[in-house]
Amino acid sequence: MSTIIMMNLISLLFSTAIVHSNQSTVPLRSFKISENVTYDCIDIYKQPGLEHPLLKTHKIQRKSSISRNELKMQTGKNETSNKRKIVCPNGTVPILRNTKEYVTNSQVFAEKHFHPLSADSPGTHIAGVRSSIGPFRGVQAWFSANALNVGKDQVSYSHIYIGSGSENQVNYISAGWTINPGLYGDQRVWAFGFWKGKDGKGCYNTACSGFVQVSKVIPIVEPIDLKPGVPGWFRYFIHQDINTGNWWITQLMQKSPDVDIGYWPKELFNLLENGANMVGVGGVVQASRSGSSPPMGNGNFPNGGRLDSGLFSNIDVLNSNYEQRKINSFPVENLLDSEKCYGLRIGTVKPFHRNHLGFFFNYGGPGGNSCGV
């Protein structure tokens with residue numbers, strides 16, 4: 001009996017030594033960036049996203065393989081990621097420390113998350129553009145984010161998205177910024193990612209398994225502190241990897257290398273193997289139970305200058321051959337369902353004038369109590 005105990009002890013000590021050795025070369029850290037927001041630096045190969053049952057044999061891809069043309073865009077504004085609060089050690093990635101309340105709330109919001117392939121959603125209003133003449137391999141845009149007064153049971157967000165639908169099935173990926181006090185517990189702007197796959201369920205960020213975090217400095221979900229009236233800028237790119245078929249989210253930069261944040265593995269989807277049938281960008285709001293709709297964009301109608309309301313610019317897509325094109329190279333549908341509360345103005349440029357905005361539009365509005373169903 002003592003021999004068996006001794007061998008078990010030796011085995012335990014040996015396995016512990018291996019774990020300790022791994023952690024000694026890649027030390028784990030935590031970053032508490034505000035009272036209720038903490039990120040843990042987790043071994044990239046042990047992150048919770050890989051626990052999804054469809055990813056048992058998945059091999060992590062450390063970097064996207066698609067080549068991108070760097071857009072030239074001058075706005076005079078800072079990007080949201082100029083000051084990094086998180087820098088995890090090599091071999092680890094930042095994962096938001098989930099609370100039980102956050103996980104529960106994320107499941108509730110995921111079930112009612114609106115996407116343009118879904119049926120009409122009561123209390124949801126949209127303003128944006130989309131193209132349904134796929135297949136597309138990606139979509140990218142530069143868009144403004146703004147601090148807004150959003151109630152606890154309201155949601156306001158702006159995003160880029162791709163998706164495919166067949167009968168009662170939908171595959172969908174979305175990324176952008178949101179103000180969602182019911183989910184995050186505050187009125188701050190949060191970067192987010194959302195997906196809906198072959199199992200029919202949706203998921204935000206890393207609240208459940210599926211998304212694979214790769215960047216050690218930019219997590220898929222993080223709060224962005226913005227002052228009222230001073231926009232931040234997102235420059236996101238959702239694209240399918242040309243070699244692996246995985247769907248990446250990349251933050252495009254102007255004066256530094258682009259950052260691959262992470263990806264949704266191809267195994268999660270059954271309708272996106274050969275690209276997405278639809279791509280789009282725009283703003284979305286969800287009203288409170290009382291019917292009061294929150295502001296969208298920066299809260300202003302698009303009646304003034306280009307920076308006086310919410311702005312999407314340099315909206316490009318990747319066609320089926322991974323060639324970059326302006327979205328209006330394809331048939332584009334304008335989406336606006338509540339002109340009382342929100343507006344949409346497609347950008348125009350005078351002939352022979354230089355345009356750093358590409359295809360662009362202004363959108364948004366104050367919301368209110370009479371925005372319709």
Apart from Leu50 itself, what residues make up its hydrophobic cluster, given side-chain heavy atom links below 4.5 Å? Ile42, Ile44, Tyr45, Ile60, Val93, Ile95, Val212, Val214, Trp248, Tyr263
Kindly give the heavy-atom pair with the smallest separation between Leu96 and Thr206, and that separation in Å. N-OG1, 4.3 Å
When the side chains of residues 273-283 are checked against the rest of the protein, which donor-acceptor pairs come out under 3.5 Å, sequence neighbours left out?
none

Check Gly297 against Leu148 and note the closest heavy-atom contact, atom names and distance. O-CD1, 3.5 Å
Backbone N or O of Leu252 within a donor-acceptor pair of the Thr250 side chain at under 3.5 Å? no
For the residue pair Ser34 / Arg188, report whether a side-chain donor-acceptor contact shorter than 3.5 Å exists. yes
Might you work through the side-chain contact (heavy atoms from CB on, under 4.5 Å) test for Gln324 and Gln140, ending with a clear yes or no? CA-CA 10 Å; Gln324 183 172 317; Gln140 67 182 36; 3.7 Å; yes
Is a side-chain donor-acceptor pair under 3.5 Å present for Asn246 with Thr244? yes
Determine whether a donor-acceptor pair (N or O, by modelled atom type, separation under 3.5 Å) exists between the side chain of Asn298 and the backbone of Asn300. yes
Working for side-chain contact (heavy atoms from CB on, under 4.5 Å), residues Cys371 and Lys340: CA-CA 6 Å; Cys371 299; Lys340 281 186 177 181; 5.9 Å; no
Using a distance-only test with no angle check, is there a side-chain donor-acceptor pair under 3.5 angstrom linking Asn105 and Tyr204? no
Residues forming a side chain to side chain donor-acceptor pair (under 3.5 Å) with Asn243, sequence neighbours excluded: Ser65
If you measure from CG on Asp43 to SG on Cys88, what distance do you get to the nearest 0.5 Å? 11.5 Å
Short side-chain to backbone donor-acceptor contact, Thr38 and Phe31, under 3.5 Å: no
Can you tell me which residue pairs pass the disulfide (SG to SG under 2.5 Å) test with a partner in residues 213-256, sequence neighbours excluded? none
Separation between CD1 of Ile133 and OG of Ser320, rounded to the nearest 0.5 Å: 12.5 Å
Are any side-chain N or O atoms of Arg29 and backbone N or O atoms of Tyr39, one a donor and one an acceptor, separated by less than 3.5 Å? no
Check whether any side-chain N or O of Lys100 sits under 3.5 Å from a backbone N or O of Thr104 as a donor-acceptor pair, and report yes or no. no
Salt bridge between Asp40 and Arg97, side-chain N to carboxylate O under 4.0 Å? yes
Pairs meeting criterion disulfide (SG to SG under 2.5 Å) with involvement of residues 187-281, two or more places apart: Cys203-Cys208
Closest contact, heavy atoms only, Trp247 versus Arg137: CZ3-O, 3.7 Å
Are Leu271 and Leu318 connected in the hydrophobic side-chain network, where two residues link if heavy atoms are under 4.5 Å apart? no
By side chain to side chain donor-acceptor pair (under 3.5 Å), Gln213 pairs with (sequence neighbours left out) none
Only counting residues at least two apart or in another chain, list the ones meeting ring-ring contact (aromatic ring centres under 6.0 Å, His included) with Phe211. Trp264
Would a line drawn from the ring center of Phe234 to the ring center of Phe143 be shorter than 6.0 Å? yes
From CA spacing to verdict: side-chain contact (heavy atoms from CB on, under 4.5 Å), Ser329, Phe359: CA-CA 10 Å; Ser329 299; Phe359 179 83; over 6 Å; no
In the single-linkage hydrophobic clustering (I, L, V, M, F, W, Y; side-chain heavy atoms under 4.5 Å), do Val103 and Trp190 co-cluster? no
Minimum heavy-atom separation for Ala110 and Gly202, please, with both atom names. CB-O, 3.5 Å
How many angstroms lie between atom OG of Ser156 and atom CG of Asn180, to the nearest 0.5 angstrom? 10.0 Å
Using the rule given for side-chain contact (heavy atoms from CB on, under 4.5 Å), can you reason through Gln254 versus Arg235, listing the C-alpha separation, both sets of side-chain angles and the distance that settles it, and then say yes or no? CA-CA 9 Å; Gln254 277 192 295; Arg235 198 178 188 195; 3.4 Å; yes
Phe301: hydrophobic cluster co-members (side-chain, 4.5 Å): none
Ring centres under 6.0 angstrom apart (Tyr161, Phe194): no
4.5 Å side-chain heavy-atom contact, Asp316 and Trp142: no
Give, for atom OG of Ser215 and atom CZ of Arg62, the distance between the pair rounded to the nearest 0.5 Å. 11.0 Å
Hey, could you give me the CD1/CG distance between Ile162 and Asn171, rounded to the nearest 0.5 Å? 8.0 Å
Angle class for the Tyr363/Phe361 ring planes (parallel below 30°, perpendicular above 60°, tilted otherwise)? perpendicular
Is Val230 linked to Leu311 within one hydrophobic cluster, defined over Ile, Leu, Val, Met, Phe, Trp and Tyr using a side-chain heavy-atom separation of less than 4.5 Å? no
Within the side chain of Gln154, is there an N or O that forms a donor-acceptor pair under 3.5 Å with the backbone of Ser292? yes
Any salt bridge (charged side-chain N to carboxylate O under 4.0 Å, His left out) involving residues 317-336? Give me the pairs, sequence neighbours left out, ordered by first then second residue. Arg130-Glu333, Glu323-Arg325
Write out all pairs satisfying disulfide (SG to SG under 2.5 Å) with one or both partners inside residues 255-300, taking only residues at least two apart or from two chains. none
Would you say Gln286's side chain and Pro294's backbone share a donor-acceptor pair under 3.5 angstrom? no
Are the side chains of Phe330 and Phe136 in contact, using a 4.5 Å heavy-atom criterion? yes
Does atom NZ (Lys266) have a neighbourhood of more than 12 heavy atoms from anything else shown, all under 6.0 Å? no
Set of salt bridge (Lys or Arg N to Asp or Glu O under 4.0 Å) partners for Asp241, sequence neighbours left out: none
Among residues at least two apart in sequence or on other chains, which ones pass side chain to side chain donor-acceptor pair (under 3.5 Å) with Gln187? Asn149
Taking every non-hydrogen atom, the tightest pair across Ile249 and Ala175: CD1-CB, 3.7 Å
For Asn362, is there any backbone N or O sitting under 3.5 Å from a side-chain donor or acceptor partner on Arg345? no
Heavy-atom donor-acceptor pair, Ser313 side chain to Phe360 backbone, under 3.5 Å: no
Hydrophobic cluster membership, Leu226 vs Val285, 4.5 Å side-chain cutoff: yes
Any idea which heavy atoms bring Ala141 and Phe312 closest together, and the distance? CB-CD2, 4.1 Å
Thr92 side chain vs Pro89 backbone, donor-acceptor pair below 3.5 Å: yes
So how far is it from Trp195 CH2 to Ile173 CD1, rounded to the nearest 0.5 Å? 9.0 Å
